Structures are given as C-alpha cells and as structure tokens.
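A short worksheet on the structure shown next.
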Amino acid sequence: MTEPTFTTLVSRWYEQNARDLPWRVPGIGAWPILVSEVMLQQTPVVRVLPAWHAWLARWPDPAALAADTPAEAIRMWGRLGYPRRAVRLRECAVAIVERHGGRVPDQLDQLLALPGIGTYTARAVAAFAYGQRHPVVDTNVRRVVSRAVAGDPDAGPATTPADLVACAELLPIEPAAAALASAAFMELGAIVCTARSPRCPACPVESVCAWRASGQAAPTGPTRRPQRYAGTDRQVRGLLLGVLRDTTGPVPHQRLDQVWHDDVQRARALAGLVKDGLVEPVGEESFRLIGDGPVAQPLPG
DNA sequence: CATGCGTGGAA
DNA sequence: TTTCCAAGCAT
C-alpha cells in the first residue's frame with residue numbers, strides 16, 4: 001500500500017504549522033496527555049491551558065489525584081464546564097492506581113475500561129502518548145475526511161465504525177508517522193477546515209479536496225435544534241455548583257435556595273447533582289461537594 | 001441511539 | 001442581542 005498524498009500533505013503542513021501546545025512536548029508523559037484529552041472534551045484549547053497547568057502542578061501523577069478528594073478535583077476543574085469530567089478523571093486515577101500500579105495503561109481495551117475514557121480519548125492516549133497506530137477520530141477528523149475524501153460538507157453527528165475504517169486507511173504504516181498524521185488531521189480541522197468558515201486558501205490539500213472539486217456545497221446547519229441554555233436544568237446546576245465550589249464544607253440549603261426562584265426545578269437540579277456524584281447531602285439542612293468533609297485527623301500522641 | 005451534561009467567547 | 005458552538009462520554 002502506498003502512503004496517500006493527502007496524508008503526507010497534511011502531515012507536512014502540520015510539521016510547519018502546528019501550535020506548540022504543552023501536551024505536545026515530546027516525552028511529556030501519558031498522564032499529562034490523558035488529562036489534556038479529558039479537559040479538551042467539549043472545551044476550547046484557550047480555556048484548557050491554564051487549568052491543565054494548575055491541575056498537573058498539583059497532581060503530577062494519577063496516585064496524587066487519587067489520594068485527594070473529589071471536591072478538590074471539582075474545584076480545580078474551575079469553570080471548564082461539564083464538571084462530571086473532573087469526578088470521572090479522579091475515578092480514572094483511582095482505577096489506574098488499583099488496576100495498573102499507578103501507570104497509565106497502554107492497551108486500548110484497558111484505556112477504554114477507565115471511567116470517562118471513551119472511543120476517542122482511548123485512541124488519542126494510545127497514539128499520542130504511546131505512539132501506537134490507531135485511527136484517532138474526533139469531530140475535526142470526521143469533518144476533514146468527510147470533506148476532503150468523501151466530498152460531503154458535513155460529517156455525521158457521531159463517530160461510526162465506518163469512520164474508524166476510513167481513517168485507518170489514511171494512516172501511514174509506520175506507527176509514529178500514523179500518530180503524527182492523526183494529530184495533523186485534528187489540527188487541520190481546528191485551524192483551517194473549520195465547521196463554519198473554512199480557510200481553503202490556506203489549506204494544504206485544497207488541490208486534492210473532493211469537496212472543493214465538487215463545487216463546495218455549503219455546510220448544512222445542525223440537524224436538530226440545540227437545547228437552549230437559559231432556564232434549563234443545566235443552568236440551574238451550574239448556579240448551584242458555583243456556590244458549592246466557592247464554599248468549603250457544607251452549605252445550608254437556604255443559601256442554595258437563593259440561586260433560582262423555581263423550587264421544583266431547583267430541587268430537581270440539586271437531586272441531579274447528587275445522583276451524578278457531584279454533591280452530597282449533609283444532615284437534613286445542608287449540601288456540600290462530594291467528599292468535601294473534614295480530612296481525617298491523625299490521632300494525637 | 002437520542003439526550004443530558006457547563007461555560008464563555010466569537011459571529 | 002441572540003445564536004452557536006469546542007479535541008465526547010454515559011445512559
């Protein structure tokens with residue numbers, strides 16, 4: 001099999017144009033890469049950068065995070081959004097300590113079995129941290145391949161097995177080159193072949209792009225109307241968690257009552273936070289971040 | 001497999 | 001001002 005022109009063009013472009021992101025530093029280690037991948041799930045790079053530095057300064061390895069409380073993980077998550085990821089990342093650290101001696105596993109099935117690690121993240125860690133040859137398929141890669149190879153302006157809403165096969169066929173045989181190609185596809189989608197306003201004049205594969213060749217039909221908008229944020233349970237959860245995050249220990253429910261007027265919705269949101277393992281009741285009157293209790297004191301003497 | 005799950009900045 | 005997200009995951 002010959003290495004496709006498309007892949008070499010994108011890889012060369014990447015070598016010249018890649019952003020120098022800290023988790024791309026050679027030899028950075030699997031744990032920093034894993035943390036970056038989880039933080040980057042639905043959160044923009046510019047907001048991840050400071051949180052990533054702070055997180056790794058405090059918890060340089062899985063064992064350090066596993067030994068701390070979920071509440072502190074939620075606090076250090078700051079306002080990255082989707083704070084369940086913070087709790088899952090800590091659970092992931094616990095599992096890494098228990099199952100793998102504190103070292104991030106390098107096998108795809110072992111990675112996939114960790115909390116908060118799905119198809120994309122497992123493959124990203126295996127490829128970027130361990131140099132293995134796996135297709136790494138995120139929304140950027142699916143869009144790039146959909147356009148340049150298939151000629152479609154948009155990719156499907158979710159990654160399918162067919163997407164993995166299509167991407168695998170684009171990868172060089174040599175594992176390190178394959179990992180670089182995957183990073184290059186992602187970068188091209190993030191920087192040039194963006195969803196709404198692709199910068200085709202700056203694209204390294206404009207000359208071989210099927211979408212371009214077929215007249216570049218306009219991307220169609222989202223298939224379904226996205227849920228509005230204002231007034232949703234999501235917003236109320238965010239407000240409640242904001243108070244709990246900025247307070248150490250239990251918060252009386254009267255204080256939580258002030259964040260939202262609708263009793264029914266507020267109670268539902270709070271119950272959701274408890275159900276999701278982010279918050280726990282303390283007695284009859286208060287709530288706190290999960291595990292945000294007094295640390296066990298060593299006995300005197 | 002369609003939904004729920006935060007956030008803050010760009011268009 | 002309102003809209004639309006941005007390197008997904010779990011259920």
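Residue numbers start from 1 in every chain, and the chains themselves are labelled A, B, ... in the order their sequence lines are given, proteins ahead of strands. Quick caveat: nothing in here was measured; it's all calculated off a predicted structure.
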Inset, instruction - Starting from P on B:dG6, measure out to CG on A:L244 and report it in whole angstrom. - result: 13 Å
Inset, instruction - Give A:G118 one of three labels, base, sugar-phosphate or nothing, depending on what nucleic acid heavy atoms sit under 4.0 Å from its own. - result: sugar-phosphate
Inset, instruction - Identify whether any heavy atom of A:R47 sits under 4.0 Å from a base atom; if not, whether one sits that close to sugar-phosphate; answer base, sugar-phosphate or nothing. - result: base
Inset, instruction - Tell me what A:W23 touches on the nucleic acid: a base, only sugar-phosphate, or nothing, going by heavy atoms under 4.0 Å. - result: base
Legend entry - Test: A:R199 and A:E206 ion pair at under 4.0 Å: no
Legend entry - Pairwise C1' distance for B:dC1 and C:dG8, with rounding to whole Å: 15 Å
Inset, instruction - In whole angstrom, give me the gap between the C1' atoms of B:dC5 and C:dC5. - result: 15 Å
Legend entry - Residues A:T248 and A:R288: side-chain donor-acceptor under 3.5 angstrom: no
Inset, instruction - Search all heavy atoms of A:R123 against all heavy atoms of A:V136 and return the closest pair with its distance. - result: O-CG2, 3.6 Å
Legend entry - Distance in angstrom units between A:L273 CG and B:dG4 P, rounded: 16 Å
Inset, instruction - Taking only the side-chain nitrogens and oxygens of A:Y229, find out if one of them lies under 4.0 Å from OP1 or OP2 of B:dT7. - result: yes
Legend entry - Spacing of the P atoms in C:dA7 and B:dT3 (rounded, Å): 22 Å
Inset, instruction - Classify the nucleic acid contact of A:T119 as base, sugar-phosphate or nothing, counting any heavy atom under 4.0 Å across all strands shown. - result: sugar-phosphate
Legend entry - Gap between atoms NZ and P, on A:K275 and B:dG4 respectively (whole Å): 13 Å
Inset, instruction - Would you mind telling me which of C:dA6, B:dG4, C:dA7 lies closest to the side-chain atoms of A:R234? - result: B:dG4
Inset, instruction - For A:D163 and C:dA7, give me the distance from atom CG to atom P, rounded to whole Å. - result: 15 Å
Legend entry - Euclidean distance, atom CD of residue A:Q235 to atom C1' of C:dT2 [Å, nearest integer]: 15 Å
Inset, instruction - Indicate whether OP1 or OP2 belonging to C:dG8 is found under 4.0 Å from a side-chain N or O atom of A:Q42. - result: yes
Inset, instruction - Name the nucleic acid region contacted by A:L80, choosing base, sugar-phosphate or nothing; use a 4.0 angstrom heavy-atom cut-off, strictly under. - result: base
Legend entry - Residue A:Q41, side-chain heavy atoms: nucleotide from C:dG8, C:dA6, B:dG4 that is nearest: C:dG8
Legend entry - Minimum-distance nucleotide (side-chain atoms of A:N140 versus C:dA7, C:dC9, B:dG6): C:dA7
Inset, instruction - Could you tell me whether A:W77 and A:W55 have their ring centroids closer than 6.0 angstrom? - result: yes
Legend entry - Interatomic distance, A:L89 CG vs C:dC9 C1' [rounded to whole Å]: 13 Å
Inset, instruction - Report yes if a donor N or O on one partner sits less than 3.5 Å from an acceptor N or O on the other, where the partners are the side chain of A:T43 and the base of B:dG6; otherwise report no. - result: yes
Inset, instruction - Classify the nucleic acid contact of A:T121 as base, sugar-phosphate or nothing, counting any heavy atom under 4.0 Å across all strands shown. - result: sugar-phosphate
Inset, instruction - May I ask you to say what A:R268 touches in the nucleic acid, namely base, sugar-phosphate or nothing, with a heavy-atom cut-off under 4.0 Å? - result: nothing
Inset, instruction - Between A:R84 and A:R196, just flag the one whose closest nucleotide in DNA chain C comes earlier from the 5' side. - result: A:R196
Inset, instruction - Just compare B:dT7, C:dA6, C:dA7 and give me whichever is closest to any side-chain atom of A:R24. - result: C:dA7
Legend entry - Comparing A:S36 and A:L114 on DNA chain C - which has the more 5′ nearest nucleotide: A:S36
Legend entry - Trace of the side-chain contact (heavy atoms from CB on, under 4.5 Å) decision for A:Q41 with A:Y82: CA-CA 9 Å; A:Q41 293 167 3; A:Y82 295 146; over 6 Å; no
Inset, instruction - For B:dG6 versus C:dT11, give the span between their P atoms, rounded off to a whole number of Å. - result: 14 Å
Legend entry - Closest approach of A:A210 to A:V149 (non-hydrogen atoms, all atoms of both residues): CB-O, 3.6 Å
Legend entry - Contact nearer the 5' end of DNA chain B, comparing A:R85 with A:S197: A:R85
Inset, instruction - Tell me what A:L112 touches on the nucleic acid: a base, only sugar-phosphate, or nothing, going by heavy atoms under 4.0 Å. - result: nothing
Inset, instruction - Might you confirm whether atom CZ of A:R103 has over 12 heavy atoms from other residues, nucleotides or ligands at distances under 6.0 Å? - result: no
Legend entry - Whole angstrom value for the distance that separates P of B:dG4 from CD of A:Q265: 13 Å
Inset, instruction - Could you check how far CG of A:D154 sits from P of C:dA6, rounded to whole Å? - result: 12 Å
Inset, instruction - Verify the contact: side-chain N or O of A:R245 to OP1 or OP2 of B:dT7, cut-off strictly under 4.0 Å; return yes or no. - result: yes
